[in-house]
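Before any comments, here is the structure.
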Amino acid sequence: MTVTHMTDFANLRDAVPLAGTGVRVASALHANLTAPALVTHSLRKNEGRLSADGALIVRTGVHTGRSVGDKFVVDEPSTTGNVWWGKINQKLPVDKFAILKSRVQAYLQGRELFTQDLYAGADPANRISIRLVTTGAWHAMFARNMFIRPPAEDLAGFVPDYVILHAPDFEADPLIDGVNSSSAIVLSFAEKMIVIAGTQYAGEIKKSIFTVMNWILPERDVLPMHCSANIGPQEDAALFFGLSGTGKTTLSSDPTRRLIGDDEHGWGPDGVFNFEGGCYAKVIDLSQKNEPEIWAATHRFGTVLENVVADPQGRLDLSDQTYTENTRACYPVEFIPNVELSGRGGTPKNVIMLTADAFGVLPPISRLNPAQAMYHFLSGYTARVAGTEKGLGSEPQATFSTCFGSPFLPRHPQVYGKLLQALIAKTGASCWLVNTGWTGGAYGVGKRMSITHTRALLRAALAGELDNIEYRTDPFFGLQIPVHVNNVPDEVLDPRSAWADRAAYDAAAKGLVQRFVDNFATFADLVDEDVKAAAIRAAA
Ligand code: ATP
Ligand code: MN
């Protein structure tokens, strides 16, 4: 079935690898190539270069992250009533989508194309088949690394559920296509088609499919989640929810536990399962000592490195932020040594919610009761430090992204909240809030929580060592904080005593409490009484 590098134009008309894409002709068609061939094409096309260790280094141009203002959902009669419309899911009318889609199809027509047939969803009952058609060899490699690679025997009869038309160099036109800029990421749930145009950033491919899974699974009573997952020697799975930069990828790779996946999972009656077959790790300042597994995956053939800087010999400088602070490595899961290859993990025993609190006021670990877990899930708090180049002294910015992933939610957050609530009630999973952010002061004064301490706390929680110990309730957030945990100094556990200036701590904590209160106002009337009662309250 594989048609590769053919120049006989006639043979490529209506080629099977293009079925369902609406693109009928290619000047050369490279279907389901594996990494060595994709790297070869990528180098030939001048898309990138090799690192000293053989990883493919590419640049993504002006877009070094997702274009949040350019994402649209097609407003179709069959789906419109169930979409959470707003700034995240902007409406694109059906007729405008028809125009954009045919313009992109016409653009792809006759070009050198790369197709990949892949799966999302390690659980066969909750899997979708994806066909990507793209002009970029490295984008094909990205998708192949990120999604689940079907066994060879599945390729012959492969029928895509969803098609992605990927045209990174096509410029959309707001006047013609009804979009906001020359970049457009448009999802049609009725047509089961995604159009990505005008951006090289490959994370759009990954997160579009995540959005599709977030659309499909709730109707099957499966909760789609923006979380990483791993599984311990006792076959106990753990989930790590968290917004970007909070440690999902970092903390899920752990030599003592098998990695299930680093970013997207489903949780249904048959347990948790990865959506993907690869990882997408932030590599800025990656430390070989603290994160040996990810470091090794970053330094080998088969990995794609986005916007990473290298010297003329191809030696990486992972501290260099010249192109972006969001430098990334994309590699198949099996590049991590201790991986759960099935991508499945049964019923989770622990649910961890990660936050990188740049105000430095949340405790490094606290135990959440089910109502508090729901409150923190709906809040989806983390904080960012405004552009590192601005230097010290810049105020951290609170970010509340509901369900720890609002940009990827096509349905109302309540849909996901209710599913999680039911799963926690049914399974009795223990829930934890873990601050991987700052301690001893806000960003600029305090320091980032040590990864060693975070890992020690997680190890204790997952081993059940925190089940029957002494806790105290913090006065600001109502959180249950363990008084003593092995291998972690007591003053680290108590954020207030980690600050030299206690009055400054109290002021900062009050400030964060108020932000939680303001943010939760939109949910207050939608949640059950117990969640309402668990809400963080401003002091009288
Ligand atoms: P994304 O959703 O964008 O993939 P993520 O949740 O996977 O984000 P990571 O890629 O794990 O986030 O990024 C966490 C970053 O924070 C890493 O660069 C890691 O080295 C750094 N870090 C510093 N201290 C800690 C800590 N205590 N725990 C976890 N990560 C830490
Ligand atoms: Mn990640």
Side-chain angles (χ1 to χ4, degrees), residues 64-66 68 145-146 201-204 206-207 210 225-230 239-254 259-265 274-276 278-295 297-298 305-308 318-319 321 324-331 333 336 352-358 360 362-365 380-385 388 399 401 403-408 432-440 443 446-459 461 487-488 492-493 495 498:
T64 55
R66 283 178 302 103
V68 276
N145 281 356
M146 282 314 303
Y201 184 68
E204 302 285 10
K206 164 192 159 66
K207 285 300 201 291
F210 185 40
M225 306 173 289
H226 188 213
C227 72
S228 61
N230 63 20
L239 305 179
F240 304 80
F241 284 95
L243 292 167
S244 187
T246 58
K248 293 184 297 302
T249 300
T250 304
L251 299 170
S252 59
S253 79
D254 173 337
L259 175 71
I260 301 173
D262 83 330
D263 199 53
E264 309 172 4
H265 295 80
N274 195 359
F275 291 168
E276 303 180 292
C279 301
Y280 195 34
K282 278 179 180 296
V283 294
I284 199 73
D285 295 327
L286 184 72
S287 135
Q288 181 172 19
K289 182 171 152 283
N290 286 335
E291 301 172 55
E293 298 89 3
I294 298 174
W295 196 92
T298 301
L305 299 176
E306 280 185 346
N307 300 312
V308 171
L318 295 177
S319 68
Q321 314 201 349
T324 176
E325 182 252 354
N326 186 29
T327 54
R328 295 269 177 171
C330 155
Y331 48 86
V333 272
I336 297 292
I352 294 122
M353 298 183 184
L354 302 171
T355 178
D357 175 26
L362 288 178
I365 193 163
Y381 166 71
T382 194
R384 283 172 220 283
V385 281
T388 17
T399 303
S401 179
C403 309
F404 295 103
S406 63
F408 323 117
W432 311 89
L433 183 69
V434 168
N435 175 16
T436 63
W438 273 254
T439 177
Y443 171 79
K447 56 182 194 329
R448 185 94 190 244
M449 201 73 70
S450 104
I451 297 189
T452 313
H453 288 155
T454 301
R455 287 197 191 276
L457 292 168
L458 287 171
R459 205 160 301 140
N487 302 318
V488 182
V492 172
L493 290 176

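Each ligand, and each atom within it, is numbered from 1 in the order the structure gives.
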Considering heavy atoms of the protein only, find what lies nearest to atom 4 (O) of ligand 1 and give residue, atom and distance to 0.1 Å. R328 NH1, 3.0 Å
Please say whether D262 places an N or O atom under 3.5 Å from an N or O atom belonging to ligand 1. no
L243, D357, T246 screened by side chain to side chain contact (heavy atoms under 4.5 Å, CB included) with Y381, the one that passes: D357
Proximal candidate to atom 18 (O) of ligand 1 [heavy atom criterion; set T249, I284, L318, D263]: I284
Decide yes or no for L457 and L493: does some side-chain heavy atom of the first lie under 4.5 Å from some side-chain heavy atom of the second? yes
Could you tell me whether G247 and ligand 1 have an N or O pair separated by under 3.5 Å? yes
C227 backbone acceptor or donor facing H265 side chain under 3.5 Å: yes
Report the part of T454 (side chain from C-beta onward, or backbone N, CA, C, O) that has a heavy atom under 4.0 Å from ligand 1; answer both or neither where that applies. side chain
For the Mn ion (ligand 2), how many protein N, O or S atoms lie at less than 2.8 Å? 1
Any idea which part of K207 is under 4.0 Å from ligand 1, heavy-atom wise: side chain, backbone, both or neither? neither
Distance check, rounded to the nearest 0.5 Å: R459 atom CZ versus N487 atom CG? 8.5 Å
N326 near ligand 1 by a heavy-atom separation under 4.0 Å: no
Can you find a side-chain donor-acceptor pair between E306 and Y201 that sits under 3.5 Å? no
So how far is it from R328 CZ to N307 CG, rounded to the nearest 0.5 Å? 11.0 Å
Considering the options F275, F404, F210, which one meets the ring-ring contact (aromatic ring centres under 6.0 Å, His included) requirement together with H226? F210
I need the single residue from K248, K206, K207 that forms a side-chain hydrogen bond (donor to acceptor under 3.5 Å, both in side chains) with E264. Which is it? K206
Gap between atom CZ of R384 and atom OG of S244 - 0.5 Å precision: 6.0 Å
Expected output: side-chain S401 to main-chain S406 donor-acceptor under 3.5 Å: yes
Of the options T298, T324, L318, which is the one that meets V308 in a side chain to side chain contact (heavy atoms under 4.5 Å, CB included)? L318
Any idea which protein heavy atom is nearest atom 25 (C) of ligand 1, and the distance to it? I451 CG1, 3.3 Å
Tell me which protein heavy atom sits closest to atom 2 (O) of ligand 1, plus the residue, atom name and distance to 0.1 Å. K248 NZ, 2.7 Å
I need the atoms of ligand 1 closer than 4.0 Å to a non-hydrogen atom of K282, numbered in the order shown. 3 (O), 10 (O), 13 (O)
For atom 14 (C) of ligand 1, which candidate among S450, P364, G245 provides the closest heavy atom? G245
Is any side-chain heavy atom of T439 closer than 4.5 Å to a side-chain heavy atom of P495? no
Under 4.0 Å, counting heavy atoms only: does R66 come that close to any atom of ligand 1? no
Say whether Y280 and N145, considering side chains only, have a donor N or O and an acceptor N or O under 3.5 Å apart. no
From CG (L354) to OG1 (T250), nearest 0.5 Å: 9.5 Å
Proximal atoms of ligand 1 relative to T246 (non-hydrogen, under 4.0 Å): 6 (O), 12 (O)
Nearest option to atom 3 (O) of ligand 1, as decided by whichever heavy atom of G65, G242, S244 sits closest: S244
Any idea how Y443 and W438 line up, ring-wise: parallel (<30°), tilted (30 to 60°), or perpendicular (>60°)? perpendicular
Check this for me - ligand 1, L251, N or O atoms closer than 3.5 angstrom, yes or no? no
Enumerate the atoms of ligand 1 whose separation from the nearest heavy atom of L243 is less than 4.0 angstrom. 6 (O)
On a heavy-atom basis, I'd like to know which of N290, T382, T250 is closest to atom 19 (C) of ligand 1. T250
Using a 4.0 Å heavy-atom cut-off, which part of R448 comes near ligand 1: side chain, backbone, both, or neither? side chain
Below a 4.0 angstrom heavy-atom separation, can you tell me which part of E291, side chain or backbone, both or neither, approaches ligand 1? side chain
